[in-house]
Protein chains: 2
Amino acid sequence: MADTMADRLERWKADGFDPQNCPVRRILDHVAAKWTLLVLMELDSGPKRFNALLRAIPDVSRRMLTQSLRDLERDGLVIRTVFDTRPPSVEYKLTEGGHTLMVPLSALIDWATSQSTAIFDAQMRYDAA
Amino acid sequence: MADTMADRLERWKADGFDPQNCPVRRILDHVAAKWTLLVLMELDSGPKRFNALLRAIPDVSRRMLTQSLRDLERDGLVIRTVFDTRPPSVEYKLTEGGHTLMVPLSALIDWATSQSTAIFDAQMRYDAA
DNA sequence: CGGTATCCGGGAAGATACTG
DNA sequence: CAGTATCTTCCCGGATACCG
C-alpha cells in the first residue's frame, strides 16, 4: 500500500470517523497496554501455560496477566485451551491472526529499539531547556 | 532483521531487562496515547498550526493537544516553531525521526484496518459466550 | 494449578475559565 | 492565536486474600 497518511485520514473522515470509537486505536491501545506486548512476544515462540508466562514476565501480577490474556483472547489473537487433567493445565497460544500481528509489530519494535538512544538524548536536551 | 521475538526477548533479559523501565514500551506508550496517533498522521502530510490541528482532530481538547505535542516534541519526533508575528503563530512539523516512525506505524495501521472486522467478529463471539 | 474477588491509591484526561 | 491553570472525575493497575 503506497497510501499516504493523508489518504487514510481522508477516507476515515469521509466514513464518519468517530475518534472515541476508532478500531485502529482500540487495537493499538491493547497492543500498548502495560503487559500485552510482552505476553505476545512470549507466545510468539510457542504455546505457554499460565504459570510459565507468570514466571517469564517479571513483575506481572496474576490479575494483570489474566486480564491481558482475556483481552487478547477477546480480540481473537490468542487461544486458551483447558486440558482436563488433575491438576488442570491451561495453555495459551497465538492464533493465526496473532502471528500476522507480530510482523508489523516487529518492525515497530525494531524502530523503537534502534531509536531509543536518540530519543533518550532528545529528552535530555528538552529537559535541560 | 530476521530476528525472532524469542531472540529479542533473550537479548533484553540478558541485558538486565527491567519491564518497569523498558524503552520500547515507553515509546509505544507515547505512540499509543489517546491522541498521539492522530496528531502524527495529521502532521505526516505537512506542517500544521495549533488551531488547525485542533480543528482537524475532532473532540481533542486544547489541554490534551498541547500535552500530546509536548510529549512528541520531547521525544524529538516533532518540532515546534514560533513565528514572531501578531498575533503569534506556531507551527508543528515532524522531524526526520518522526517521518521514519511513520513507516512501521503505517504497517501497523494497515494491519489494524484490515483486521478490524475480524477482530470485531471475534469480540462478538467472545461476548456471546 | 489457574485463576477470582475486593479494596485502594495515583495518574490520565475532561470541563471550565483565564492570559500574553 | 496559542496556550495555562485549576478542579474533578474516572479507571488502570498494584496488593492482598480467597477458591475449584
Side-chain angles (χ1 to χ4, degrees), chain A residues 18-22 25-40 42-43 47-75 78-93 126 129, chain B residues 18-22 25-40 42-43 47-75 78-93 126 129:
Chain A
D18 175 12
Q20 302 291 345
N21 194 27
C22 166
R25 202 173 61 197
R26 277 212 313 266
I27 293 167
L28 238 64
D29 282 348
H30 285 183
V31 168
K34 192 157 188 183
W35 303 107
T36 319
L37 183 64
L38 285 170
V39 172
L40 286 171
E42 289 291 344
L43 291 181
K48 288 203 173 49
R49 292 171 56 180
F50 187 83
N51 278 332
L53 288 170
L54 205 59
R55 267 176 269 112
I57 305 178
D59 297 354
V60 73
S61 65
R62 278 179 173 72
R63 184 171 120 73
M64 291 319 293
L65 180 58
T66 302
Q67 197 185 87
S68 303
L69 289 166
R70 292 292 175 277
D71 286 346
L72 291 171
E73 196 192 352
R74 180 167 186 267
D75 288 343
V78 160
I79 288 202
R80 177 177 181 268
T81 314
V82 182
F83 296 101
D84 200 3
T85 56
R86 275 179 308 279
S89 75
V90 178
E91 182 191 86
Y92 293 92
K93 66 177 175 197
Y126 184 92
Chain B
D18 174 13
Q20 300 292 345
N21 194 27
C22 167
R25 202 173 60 196
R26 277 213 313 268
I27 293 168
L28 240 64
D29 281 349
H30 284 183
V31 169
K34 191 156 189 186
W35 301 108
T36 318
L37 182 65
L38 285 170
V39 172
L40 286 171
E42 289 290 344
L43 291 182
K48 289 202 173 50
R49 294 172 54 181
F50 187 84
N51 278 333
L53 288 170
L54 205 60
R55 266 176 267 111
I57 305 177
D59 297 355
V60 74
S61 65
R62 276 177 175 71
R63 186 173 119 76
M64 292 318 295
L65 179 57
T66 301
Q67 196 184 91
S68 302
L69 288 166
R70 292 292 175 278
D71 286 345
L72 291 171
E73 196 192 352
R74 182 168 184 267
D75 288 343
V78 158
I79 289 203
R80 175 176 182 269
T81 313
V82 181
F83 295 101
D84 199 3
T85 56
R86 276 180 308 275
S89 74
V90 178
E91 181 192 86
Y92 293 92
K93 66 176 175 198
Y126 184 91

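Proteins come first, then strands; the chains are lettered A, B, ... in the order of their sequence lines, and each starts at number 1. Not measured: the values here are computed from a predicted model.
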Quiz item: Shortest non-hydrogen contact from B:R80 to B:V82?
Solution: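 Looks like NH1-CG2, 3.6 Å.
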Distance check needed: [N] [atom2] versus [X] [atom1], whole Å only.
X     : N      : atom1 : atom2 : answer
A:F83 : D:dG20 : CZ    : P     : 24 Å
A:K34 : C:dG10 : NZ    : P     : 14 Å
A:D29 : D:dC11 : CG    : P     : 14 Å
A:D71 : C:dG3  : CG    : P     : 14 Å
B:D84 : C:dG20 : CG    : P     : 17 Å
A:L69 : C:dC1  : CG    : C1'   : 15 Å
A:E91 : C:dG3  : CD    : C1'   : 17 Å
A:K48 : C:dG2  : NZ    : C1'   : 17 Å

Please report the interatomic distance [atom1]([X]) to [atom2]([Y]), rounded to the nearest 0.5 Å.
X     : Y      : atom1 : atom2 : result
A:L65 : A:L38  : CG    : CG    : 10.5 Å
B:D75 : A:Y126 : CG    : OH    : 10.0 Å
A:L69 : A:W35  : CG    : CH2   : 13.0 Å

Quiz item: Counting only side-chain N and O atoms of B:R86, is one of them less than 4.0 Å from OP1 or OP2 of C:dG20?
Solution: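 No, outside the criterion.
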[X] side chain: which of [options] is closest?
X     : options               : answer
A:R49 : C:dA13, C:dG3, C:dC1  : C:dC1
B:Y92 : C:dC1, D:dG3, D:dG14  : D:dG3
A:W35 : D:dG14, D:dG20, D:dT4 : D:dG14
A:S89 : D:dG14, C:dG3, C:dG2  : C:dG2
B:P88 : D:dC1, C:dT4, C:dG14  : D:dC1
B:V90 : C:dT4, D:dG14, D:dG3  : D:dG3

Practice problem: Look at the side chain of B:T36 and the backbone N and O of B:A32, then say whether any donor-acceptor pair between them is shorter than 3.5 Å. | Solution: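 Between the backbone of B:A32 and the side chain of B:T36 there is no qualifying donor-acceptor contact (under 3.5 Å).
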Self-check item: Flag, side chain of A:R25 to backbone of B:K34, donor-acceptor distance under 3.5 Å
Solution: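 Flag set: sc A:R25 to bb B:K34 pair under 3.5 Å.
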Quiz prompt | Members of residues 51-65 of chain A that approach DNA chain D, where some heavy atom sits under 4.0 Å away | solution =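 Result for residues 51-65 of chain A: A:R63, A:M64, sorted by number.
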Practice problem: Could you tell me whether B:K48 atom NZ has more than 12 heavy atoms of other residues or ligands within 6.0 Å of it? | Solution: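 Buried by this count: over 12 neighbours within 6.0 Å.
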